[in-house]
Structure formats: C-alpha cells, structure tokens
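Every chain is numbered from 1, with letters handed out A, B, ... down the list of sequences. Reckoned from all heavy atoms, side chains included, excluding hydrogens, waters and symmetry mates.
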Amino acid sequence: MTNKELADTFTLIANLLEIKGEVIYKILAYRKAAETLSAHPRAAKDIWQEAGIKGLKEISGVGPAIADKIDELLNTGKLDFLEKLKAEVPESLAGLLQVPDLGPKKVKMFYEQLGVASIEQLKAAAEGGKLAELPGMGKKSEEKILVGIESLSRRSGRTPLGDALPFAGQQIALLKKVKGVKAVEAAGSLRRRRDTVGDLDILVAAEDSEPVMEAFTSQPLVARVLGKGKTKSSVEFNNGMRAQVWVHPPARFGTAIQYATGSKDHNVRLREIALDQGYSLSEHALTKEDGSEILCAKEEEVYKTLGLPWIPPELREDRGEVKAAQSGNLPKLIAEKDIIADLHSHTTWSDGKLSILEMAEAAIARGRKTLAITDHSHNLGIANGLSVERLKEQRKEITAARKKLGDRILLLHGIEMEIRADGTLDFDDETLAWLDIVIASLHVGMRQPREKNTLRILNAINNPHVDIIAHPTNRLLPDRLGSDLDMEAIFAAALANGTVLEINSNPSRLDLDDVHARLAAELGIPITINTDAHAAEHFDFLSYGVATARRAWLTKGQVVNTWKPEKIQAWLKKRG
DNA sequence: GCCGTTTTCGGCCCGACTGTTTTCAGTCG
C-alpha cells in the first residue's frame, strides 16, 4: 500500500465518522494523519518494514491508534475498524460530501429520513421537493443542492499552478481598477505556489468594500455567485474555477493576508506563538488580553510583533519553518535571478518548435549563460527522436551555431535519452561519452511495477555517462500520478554516482515535487531546475520550477543552474 | 485521536455567510 492509498483510507474514515457524528477532534486527527502521510517523503511501508509500529508513531500526526491501523492495513490489506464503520455508515455517503453546500449533518439527515445514499438519489429527492420538507430546510436550500450537483459535474478538482496564476493575474488587474482600492494580492495556496490550486483567494485593501464586491461578482466571466457579503464574496467562473475575495481596511491588510495565505497548519503554529506572548491573532488584528488591538498594515509587522523574521509564503506548510524562523535558521531561498543555465531544451530536430540558433537566442534574451540542446532519442518515435546518425548531423549545426553565437552563451550538445521499457538505454557508452551532457528519462512503460521502474532508473544512474535524471516520476498535473518508485533507492544511487536530479519547470510536471526535492537536496544530491523548453516562451516556465525549489527549501548553492559556464564545463569534464 | 521545555489530561477551530429561523444551525475556508 502506498502513502496515497493509506491517506485515502484515513480520509474516508474521517468522512464516515463525521457523518456518523463523532467528536470533531477525532475526525481532525484522521485528516491530519492523511495529510502528513500523503506529503511524507518516505513510504510508510518502508518505515514499517524497518522499524515497525514504533517507527510509524514517529510520523507527526500518527499516534498509537492510527499506527495500529497502518500496521493492520500493511499486514492484511484490510481494516476491521473501517469494515465495521461501513456497516454503520454506507461508504457512498462520503461521496455526497463532495456536493457543495452539503455537509455531514444534512447527509446524515437525508439518509435517515429519506434513505438518500447516492448523488442520483439526492438529485431525485431534490427534484421531487422532498428535501425542502425536512427540518431546517427550505426551497432555497433545496435549489442550492441541485445547483451544487450540477456544478460538481462541471468541476475538475484542482487547477495546475500554470493555469491558476495567469487567471488570478486577470482578476487582480480587474480589482485594481476599482475606485478606492489600495492593494490587491493573491493569497492561499496560489501565493504559497503549490503545484495545484483549489480555489483562488484574493485579498483587497480598501475602506469601502461595496464597489469591490460589486465589480467582482458582476463580471461576465462569473457563472454564479456563491456568496456576497461585506468582507467576503465568492463566485464560480464559467471555466469551473472558484474564487473568493476578501476586503479589509488597508490598516489591517497585513494580518488579513497573513491569515488568508495559510497554510492552515502554519497559521495554527503562529497563533500558538501569539497566545504564548499574550496576543490573540486573527485576520483583523493582534489583540491583547485587555482587548486593545495592534493593527498590521504589512505582513512583515505580524511576524515582527511575534519576534519572528518574515517567512516566505512558499515555506508556510508547517514543515519546520516556524522553528527555523525562531532559531534564525530560515534558508536563504533560491530566486529566479540566480538561474543562469538551462540544461534541458528541444529543437525542431525532435519535437521542438524552433531551430538550435533560435532557441539559443531566446535563452540569451532571458539572461541565460548556458544552454544544453537535449533532443529526444530515437526510441521515442512519437517525438521524432534522434538516431546516432542524426545526432552526428545535429553536431554540425551546433558547431555552426556556436560560431555565430561566440561567447554570448555556452551551447552544449546533449540528449534526452530514453530509458526503454526493458531498462536498457537508447545509446551505447561510446555515443554517450561523445556528447557534452546526457539526460536520461522515462516516457513509456510507466505502468510497470514499482520494482521494475525503479530498476530502470537505477540502471541509468549507474551509467557514468548519465549526468541528469529528468522528471523522475513522470507525473502529469493535475490528474496523472507519478510512477510508484523507490525514491530512497534512487536517491542513494544518485548520491553515490554524483547524478543530478531535475526539477522540471513545466507547470504540468513540476517533477521532482517539493517534498522529494527537499529530501534529495538535504541528502546532498545536486538539483537542476530546467525548463524542458520546446519553444521560446517555454523558457518562462522557469518561475514555476524555482517556486517548487523554494517550496523545497533550496538555496543557491544546491542548484547546478546557478553555476557559471566555466564551472559547468569543469563539472562535465570531470564526469567524462 | 494526537500531543506536551507550561500539561500524560485537557486542549485542539473560529469567523463569515446563508437560510431558516426570530436567536441559531450548517457549511466553508
């Protein structure tokens, strides 16, 4: 069982317990355990095999009860507790919680009063006017549920950062034009630069909220208004995305954006510190025990009042950042301007859109000092992968481009080489040694078992000519999960061989993800942040890769792409 | 159910909005 499967099991337990009416803190405990498990860099199964139940309890949010349940799940694949729970509360009821505006209390009531146990039955009951007759319900509530079912069918879960960020930019531009608005900023998971975003959270500083709410809710892109109040409004757009806008007076903007940025767990930590110091921290102010308020117009002031340095939003996941801030050990995070090399790009020789020279010019225009041309190898036929013969032809064009470019950029001739489904590599050692730089990656045969795919990657790492493993898990956001790999074995091999692991900046990939990149870098594995550009504008994907690196706590010194051309050449020469 | 250089027991998650209500319950973030 993977961490994801364990997490899903505990989320299901939490949902069923909530419908059953269990005390909220028990439910929160299961949710918390599910969250830590799904974001944990190590497989719970590996921890369990090494250190048993005792090892599982070391995981934050996992105590004796949940550790026992993980143990049972890993031993038998089943959980007696869950089976009994399902007998009390049908599993299908958990699915009803997906319907917006439908929570555990109503799900329970609909099931007990009307026998509603599925979305179809819910829809039929609402259309038949049965829901409105129940206590606490009315015509409007019934209508809301029908609308919720409809919107559920339209929504597609989380939105990749690469789609959410530009869309949020449009919304911010719109709100900035409203009269009286002093500042507009995105908050929430978007500001923390998570790889996917749920709803957009937008903070507006203004004394008068009414014109802001009016402009926000009445724009043509809005499919329906979910709520509209003085401090908060939320809408659903035609594209299925949802957004909410908060309006706070400029003098309170600091606490407001701190609150809305989250994460929830980071804010809990911060509120604990506030309480220790005699404050209560809310989105409105820091309030002393005598009721007097300290207002913060800037977010920095919130942290400063609590005796902390400002913490970059990308770190605010309750992964040790508050402790690091307290002890003065926050990392000096890498920034986009630190990146001066791109070691992964494609041209018309395989599936790219531009020539070698055009790609080099586009990279120079963006301040890059080194560019590796790494087209696909022949086993990836769909991308017009290169044979050895075409690779030799390509070298002539590289040489010609170098002459034209002079010392404006270091142009490396490389390859993105397929690791075939059987684990063998697409080129022999002689060809690989002849190239300046070799990236190895998987594109096909990803559904093979964990052991097989792990071995494929290990085989590439163990080849001394392979310099970089690109997008190791091959996930595609938002929906395709990466391959189930033994990342610990991969990290150990990479460390032993000096192989560099990639954070691919394409917003559909962001692979390695933040959690794995952090673990790899902590082990001492050098990281590379590449755009995998297939066109000029793809070089701008860099900001997404850097955001992922910042979420992984990476500093300039841990990233190969900050090196000057001479250092990159020396590194490649040493590798042979 | 988890957690603890204030506690092994008693805290944890609180405010905004909506709708159905006349003071509150449910949902959401």
If you count every heavy atom of other residues, nucleotides or ligands that lies below 6.0 Å from [X] atom [atom1], does the total exceed 12?
{"X": "A:Glu210", "atom1": "CD", "result": "no"}
{"X": "A:Lys130", "atom1": "NZ", "result": "no"}
{"X": "A:Phe491", "atom1": "CZ", "result": "yes"}

For [N] and [M], measure between their [atom1] atoms and round to the nearest Å.
{"N": "B:dT8", "M": "B:dC3", "atom1": "C1'", "value": "10 Å"}
{"N": "B:dT7", "M": "B:dT20", "atom1": "C1'", "value": "42 Å"}
{"N": "B:dT21", "M": "B:dA25", "atom1": "C1'", "value": "9 Å"}
{"N": "B:dT23", "M": "B:dC28", "atom1": "P", "value": "26 Å"}
{"N": "B:dC13", "M": "B:dC2", "atom1": "C1'", "value": "15 Å"}

Provide, to the nearest angstrom, the distance between the [atom1] atom belonging to [X] and the [atom2] atom belonging to [N].
{"X": "A:Gln98", "N": "B:dG29", "atom1": "CD", "atom2": "P", "answer": "12 Å"}
{"X": "A:Glu236", "N": "B:dT27", "atom1": "CD", "atom2": "C1'", "answer": "16 Å"}
{"X": "A:Glu142", "N": "B:dT20", "atom1": "CD", "atom2": "C1'", "answer": "14 Å"}
{"X": "A:Met213", "N": "B:dA16", "atom1": "CE", "atom2": "C1'", "answer": "10 Å"}
{"X": "A:Asp318", "N": "B:dC13", "atom1": "CG", "atom2": "P", "answer": "11 Å"}
{"X": "A:Lys264", "N": "B:dC13", "atom1": "NZ", "atom2": "P", "answer": "10 Å"}
{"X": "A:Glu58", "N": "B:dG4", "atom1": "CD", "atom2": "P", "answer": "12 Å"}
{"X": "A:Asp265", "N": "B:dC12", "atom1": "CG", "atom2": "P", "answer": "15 Å"}

Please classify the nucleic acid contact of [X] as base, sugar-phosphate, or nothing, using heavy-atom distances under 4.0 Å.
{"X": "A:Lys228", "result": "sugar-phosphate"}
{"X": "A:Lys57", "result": "nothing"}
{"X": "A:Val62", "result": "sugar-phosphate"}
{"X": "A:Pro64", "result": "sugar-phosphate"}
{"X": "A:Ser234", "result": "nothing"}
{"X": "A:Tyr259", "result": "base"}
{"X": "A:Lys230", "result": "sugar-phosphate"}

NZ/NE/NH1/NH2 to OD/OE distance under 4.0 Å, A:Glu314 and A:Arg193: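 Answer for the salt bridge query: no.
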Pair A:Glu301 + A:Lys304, salt bridge at N-O below 4.0 Å: no
May I ask you to evaluate whether [X] reaches the phosphate of [N], defined as a side-chain N or O under 4.0 Å from OP1 or OP2?
{"X": "A:Ser141", "N": "B:dT20", "value": "yes"}
{"X": "A:Lys69", "N": "B:dG1", "value": "yes"}
{"X": "A:Thr231", "N": "B:dC17", "value": "yes"}
{"X": "A:Tyr30", "N": "B:dG1", "value": "yes"}
{"X": "A:Lys232", "N": "B:dA16", "value": "no"}

Given [options], identify the nucleotide with an atom nearest to the side chain of [X].
{"X": "A:Leu28", "options": "B:dT27, B:dC13, B:dC2", "value": "B:dC13"}
{"X": "A:His284", "options": "B:dC12, B:dA16, B:dT18", "value": "B:dA16"}
{"X": "A:Ile66", "options": "B:dC2, B:dG29, B:dG26", "value": "B:dC2"}
{"X": "A:Gln244", "options": "B:dC13, B:dG19, B:dG29", "value": "B:dG29"}
{"X": "A:Lys26", "options": "B:dC13, B:dT6, B:dG1", "value": "B:dG1"}

Chi angles and distances behind the salt bridge (Lys or Arg N to Asp or Glu O under 4.0 Å) call for A:Asp199, A:Arg242: CA-CA 5 Å; A:Asp199 300 346; A:Arg242 291 180 170 204; 5.3 Å; no
Partner nucleotide, any strand, of B:dT8 [Watson-Crick/G-U, under 3.5 Å]: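 Paired with no nucleotide.
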Toward the 5' end of DNA chain B, by each residue's nearest nucleotide, A:Lys140 or A:Gly63: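 Looking at DNA chain B, the more 5' nearest nucleotide goes with A:Gly63.
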Residue whose closest nucleotide on DNA chain B lies nearer the 5' end, A:Lys144 versus A:Asp276: A:Asp276
Test: A:Lys69 cationic atom under 6.0 Å from A:Phe81 six-membered ring centre, within 45° of axis: yes
